[in-house]
Amino acid sequence: MTLYEQHPVSITNSLSGKKEPFVPLNPPFVGLYSCGPTVYNEVHLGNLRTFTAFDVVYRYLTHIGYRVRYVRNITDAGHLTNDAGEGVDRIEESAKLEQLEPMEVVQKYTTSFHEVCRIFNILPPSIEPTATGHIVEQIEMVKKILDNGYAYETNGSVYFDVRRFMEKYKYGELSGRNIDDLLEGTRELDRQDEKRNSVDFAIWKAVSPNHIQRWPSPWGEGIPGWHLECSAMGTKYLGKTFDIHGGGMDLKFPHHECEIAQNVGAYGVTPVRYWMHANMLTVNGEKMSKSKGNSFLPKELFTGAHPLLEKAYSPMAVRFFMLQSHYSSTLDFSNEALSAAEKGFKKLSNALGAIKKLDFIPLGAEDHELTKELEKLITACYTNMSDDFNTAKTLAVLFEMTSWINDWKAGKGTAIASETFERFKQTFISFMEDVLGLREEEEHNQEMIDGIIQVLIELRKQARTNKNYALSDKIRDDLKALGIQLMDGKAGDMSYTID
RNA sequence: GGUUCCGUGGCCGAGUGGCUAGGCUGAGCUCUGCAAAAGCUCCUACAGCGGUUCGAAUCCGCUCGGAACCUCCA
């Protein structure tokens, strides 16, 4: 019996708003798609929360035995600042501002994004497709939608015909939107528009020849619509219908709604069985976003160089902070909360370091009650994660396990079977490292190492002055064993090298 | 205005009908040469009002407060 059969997963499906048992189309295979970044700018902490949330989904599903194909795209074209037609292209805009070639912008921020992921221990997906690498697939999809009669061409642009689509299918189901309300609210903006209805959206957008990023198509030169890439790439790599699609709450409408419409319009089937939406990171109760000026970059977080930050925080403390709340709740950022998280994480991190080195110390006959209690904790890790990826509850269990680990660390024996001990140990380590992606913090900076060695050098000097050569030699030999070579200078000064 | 969601102790945050997570902070204690770590104890809450129920933080209604989406955003 596999782990996922022992601990069946349930997921809150945004489509129904309810928690549903997770039944993949073709177990043990799972198709998971999540919307990646638009690489026109650095990702900020808010963006990171979503990527972390789906990283954990990917990690856990894999851990319990599913064979997950995780697709997370890079949007490197076609993301206009609005759908109405007068929007600017984000990548082109950044290119102009930074005086770079658009693909230089793409490269720069893709590299930066990967670096941030590495630092926060966000695993690379199975496939990380780019919009520019799938222009052909996107054009094919536009053709299909046109052939099916759910789109129309105006001046070289192709728009999705929402009204027409609604004659046969539903639109607005995911976001619970009423199309008439939408039309009501935006009627004023409709004049001189290329679109038949304000709710229609571009699936192919004509651009002028001075636009650097552009591709030939049956409708002239242009760029694919933003919503289209996810439809095309999701379909290509995961099939016309796949298991899970995730993204930030703010993408629910219009992005994901349009994605559904495009797939249904092209293939007649809804693309996703379980929609998952990660909630926003807030600052003083307001969504963190660039436009509000309350966002900060990962780099600023490590240095503390931002007006909102009282001090620097480590990546793992931040990751822990995010995992302490459920992905579907808003999480409020504050220095107080982050400092608390920092300390809490340290406790877990110490326990992790300790249990790796711990061996089983038996104590008398097996206490069945105690064994049961510890087995319960092991099981709780699974049931909590299987319950809609409840990382907060899982962490609470890991803290309870930490109490036991600290006891054992202090040399206290335990009256359980060695088998239970080993499972306890393995579960703790794998939930920390593999499932939650929390690793021991060991990134000490050079400055700190220098400081530490100076302290030792000072001690060694004193030992030599006191002719305590046994101690001074021990300091030098022990450091050498760590790859640090101390060298005595002529005038009693010391220097060192590190391998 | 429309749609959706939220309001839990000093702070952050789980929890969906009875069994009242967890972390951080504060106070006291144990251990300890000092410090740290670790352990123990205490501070025990569900915005307000009303209703359903034997029983509600959890369900229903109203009031107040806040947020997200409806334009780009993870």
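A note on names: the letters A, B, ... follow the listed sequences, proteins ahead of strands, and every chain is numbered from 1.
Place Lys252(A) and Tyr327(A) on RNA chain B by their nearest nucleotides, and Lys252(A) ends up nearer the 5' end. Residue order along RNA chain B, read from the 5' end via each residue's closest nucleotide, puts Phe345(A) first among Thr402(A) and Phe345(A).
Between A67(B), C69(B), A21(B), one nucleotide has an atom nearer to the side chain of Glu286(A) than all others, and that is A67(B). Closest contact between the side chain of Glu400(A) and the listed nucleotides C11(B), A21(B), G39(B) involves A21(B). Of the candidates C11(B), G13(B), A74(B), the closest approach to any side-chain atom of Phe51(A) belongs to A74(B). The Asp332(A) side chain lies nearest to G13(B) when the options are G13(B), C24(B), A38(B). With G13(B), U25(B), A74(B) as the candidates, the nucleotide lying closest to the side chain of Lys343(A) is U25(B). Listed nucleotides: A38(B), C12(B), G22(B). Nearest to the side chain of Ala337(A): C12(B). If you check A74(B), C12(B), A21(B) against the side chain of Thr50(A), the one that comes closest is A74(B). For Ala392(A), the listed nucleotide lying nearest its side chain is G13(B); candidates were G13(B), C70(B), G39(B). Side chain of Lys287(A), nearest nucleotide from C69(B), G13(B), A21(B): C69(B). Side chain of Leu251(A), nearest nucleotide from A38(B), A74(B), C69(B): A74(B).
The pair Asp250(A)-Lys287(A) meets the salt-bridge criterion, with a side-chain N (NZ, NE, NH1 or NH2) lying under 4.0 Å from an Asp/Glu carboxylate O. Salt-bridge formation is not detected for the pair Lys347(A)/Glu342(A): no Lys NZ or Arg NE/NH1/NH2 atom is positioned less than 4.0 Å from an Asp or Glu carboxylate oxygen. Classification of Asp388(A) and Lys19(A) as a salt-bridged pair fails, no side-chain N sitting under 4.0 Å from a carboxylate O.
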Inset, instruction - Sugar-phosphate means primed atoms, P, OP1 and OP2; the rest is base. With that split, encode nucleotides 29-37 of chain B 5' to 3' as B, S or - using protein heavy atoms under 4.0 Å. - result: ---------
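A side-chain N or O of Thr235(A) and one of Asn263(A) form a donor-acceptor pair less than 3.5 Å apart. In this structure, a donor-acceptor pair under 3.5 Å is absent between the side chains of Tyr382(A) and Thr427(A). Looking at Ser231(A) and Gln262(A), their side chains do bring a donor and an acceptor atom within 3.5 Å of each other.
As rounded to whole Å, 10 Å separates atom P of G23(B) from atom CD of Gln324(A). One can place CE of Met249(A) at 10 Å from P of C69(B), the figure rounded to the nearest angstrom.
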Legend entry - Pair assignment for RNA chain B - dot-bracket with | for other-strand partners, Watson-Crick or G-U under 3.5 Å: (((((((..(((.....[...))).(((((.......)))))....(((((..]....))))))))))))....
Inset, instruction - Mind running salt bridge (charged side-chain N to carboxylate O under 4.0 Å, His left out) on Arg439(A) and Glu433(A) for me, showing each step along the way? - result: CA-CA 6 Å; Arg439(A) 58 185 167 211; Glu433(A) 294 186 334; over 6 Å; no
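Relative orientation of the His134(A) and Tyr237(A) rings is perpendicular, given thresholds of 30° and 60° on the angle between their planes. Using cut-offs of 30° and 60° for the angle between ring planes, the Phe165(A) and Tyr171(A) rings count as perpendicular.
In this structure, Met280(A) reaches the bases: a heavy-atom distance under 4.0 Å links it to at least one base atom across the strands shown.
The shortest distance between the side-chain N/O atoms of Ser175(A) and the OP1/OP2 oxygens of U3(B) is not below 4.0 Å.
Looking at heavy atoms from C-beta onward, Arg49(A) lies in side-chain contact with Asn279(A) at the 4.5 angstrom threshold.
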